[in-house]
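The structure appears right after this line, and notes come after that.
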There are 2 protein chains.
Amino acid sequence: MGSIELKKAGLKVTHPRIKILEILENAANHHLSAEDVYRALLDSDTEIGLATVYRVLTQFEAAGIVKRHHFDGGQAIFELDTGDNHDHMVCMKTGRVEEFKDEMIESRLQAIAKERGFKLSHHSIILYGVYADNEE
Amino acid sequence: MGSIELKKAGLKVTHPRIKILEILENAANHHLSAEDVYRALLDSDTEIGLATVYRVLTQFEAAGIVKRHHFDGGQAIFELDTGDNHDHMVCMKTGRVEEFKDEMIESRLQAIAKERGFKLSHHSIILYGVYADNEE
DNA sequence: CTAGGTGCAAACATTTTGCATGGTT
DNA sequence: AACCATGCAAAATGTTTGCACCTAG
């Protein structure tokens with residue numbers, strides 16, 4: 001149950017928060033926009049305002065429960081923060097998102113930052129392309 | 001003069017387009033939002049509608065004259081497309097943006113994409129942090 | 001009981017679009 | 001002259017906020 005995460009984050013255990021956590025955990029696609037979450041809630045007969053979805057997602061982000069990404073296309077995408085700091089590949093044809101993590105790249109980025117006197121806080125790597133099995 | 005680029009792109013050589021090209025070329029900071037460009041135009045006593053700025057920047061992007069980036073913070077950032085495919089480091093304190101390019105990372109990304117059957121079109125790498133000389 | 005959470009509608013910020021007018025080739 | 005570009009205002013999008021009401025602890 002997500003109630004533990006919520007308490008740990010100092011957030012009251014409310015119906016909307018539990019439901020949204022469930023959606024994020026169980027969704028087939030783990031990368032959802034606020035609108036996606038909202039629709040998933042409606043699909044499970046849960047009436048929660050879109051404003052609340054945004055508020056909850058923002059609180060979850062502050063609490064380190066979710067991560068917010070800005071892929072091309074305007075709206076923010078959220079996913080559970082598993083702690084590993086993975087990066088993303090986005091299929092431009094289907095919208096499918098996959099994750100990857102590469103130590104060689106990570107350490108190279110650290111080195112580049114160091115060379116330049118840049119205190120690295122976090123980074124975003126996004127690969128845009130098409131999965132071979134999705135081509136026509 | 002930018003008129004050559006414009007003609008090559010099949011765009012009529014108009015006052016707004018020339019001016020906007022000038023701004024992009026001469027700005028101290030080469031990474032500008034549409035609003036930044038708009039204000040720079042006003043500062044040089046050029047009255048051009050914000051809608052036109054957006055339209056022109058979008059056309060420039062389609063023509064390969066500028067690149068559009070989505071750094072954290074909502075609005076799109078534009079820069080001249082020099083052809084080299086550099087990446088960015090963004091100072092979270094000052095907003096300063098620097099560029100870098102690393103062949104090791106590039107080739108590693110290619111390899112990762114290949115491994116996964118992903119036809120790479122382009123990528124975005126953004127480092128967020130603070131420049132040491134900007135810390136207090 | 002009380003602090004904090006929620007819903008709704010309105011406000012916001014950014015970007016896009018319709019349409020009548022104006023400028024380039 | 002024909003076509004494309006521009007300005008303005010309005011619309012569209014994605015997200016945030018004010019406020020009255022409600023609920024978890």
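Order of the sequence lines fixes the chain letters, A, B, ..., with proteins taken first and strands second; residue numbering starts at 1 for each chain.
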Between C:dG4 (C1') and A:R17 (CZ): distance, integer Å | 8 Å
Cluster partners of B:M104, using ILVMFWY side-chain heavy atoms under 4.5 angstrom, listed by chain and number?
-> none
Nearest atoms (heavy-atom pairs only) where B:F60 meets B:L6 | CE1-CD2, 3.5 Å
Rounded to the Å, how far apart are B:F71 CZ and C:dT14 P?
-> 16 Å
same_hphob_cluster(B:V97, B:I126) at 4.5 Å side-chain heavy-atom cutoff = yes
Degree of bending, the helix from C:dC1-D:dG25 to C:dT25-D:dA1 (end axes from five pairs; round to 10°) = 30°
Where along nucleotides 19-25 of chain D does protein come under 4.0 Å, by heavy atom, of base (B) or sugar-phosphate alone (S), with - for untouched nucleotides?
-> -----BS
Would you mind reading off the distance between A:H70 atom NE2 and C:dT14 atom P, rounded to a whole angstrom?
-> 13 Å
When all nucleic acid strands are considered with a 4.0 Å heavy-atom cut-off, which category describes A:A34: base, sugar-phosphate, or nothing?
-> nothing
Within residues 39-54 of chain B: residues closer than 4.0 Å to DNA chain D (heavy atoms) | B:E47, B:I48, B:G49, B:A51, B:T52
Report the distance from atom OH of A:Y38 to atom C1' of D:dT13, rounded to the nearest whole Å.
-> 16 Å
Determine, step by step, whether B:F78 and B:V37 satisfy the side chain to side chain contact (heavy atoms under 4.5 Å, CB included) criterion, reporting the C-alpha distance in whole Å, the side-chain angles of both residues, the deciding distance to 0.1 Å, and the verdict.
-> CA-CA 9 Å; B:F78 300 84; B:V37 172; 5.8 Å; no
Could you state the atom-to-atom distance from CD of A:Q75 to C1' of C:dT14 in whole Å?
-> 14 Å
Do the charged groups of B:E98 and B:R96 touch, with an N to O distance under 4.0 Å?
-> yes
Correct closest heavy-atom pair for B:L32 and B:L24 would be CD1-CD2, 4.2 Å
Backbone N/O of B:S33 and side chain of B:D36: donor-acceptor pair under 3.5 Å = yes
Given atom CG of A:D72 and atom P of D:dG14, what is their separation to the nearest angstrom?
-> 14 Å
Can you tell me how far P of D:dT6 sits from CG of B:L57, to the nearest Å?
-> 11 Å
With sequence neighbours excluded, tell me which residues meet side-chain hydrogen bond (donor to acceptor under 3.5 Å, both in side chains) with A:T82.
-> A:D84
With A:Q75, which residues qualify under side-chain hydrogen bond (donor to acceptor under 3.5 Å, both in side chains), at least two apart?
-> none
d(CD, A:E61; C1', D:dT16) in whole Å = 14 Å
Heavy-atom check, side chain of A:K67 versus side chain of A:H86, under 4.5 Å = no
Is it the case that B:E79 and B:H30 place a side-chain donor and acceptor less than 3.5 Å from each other?
-> no
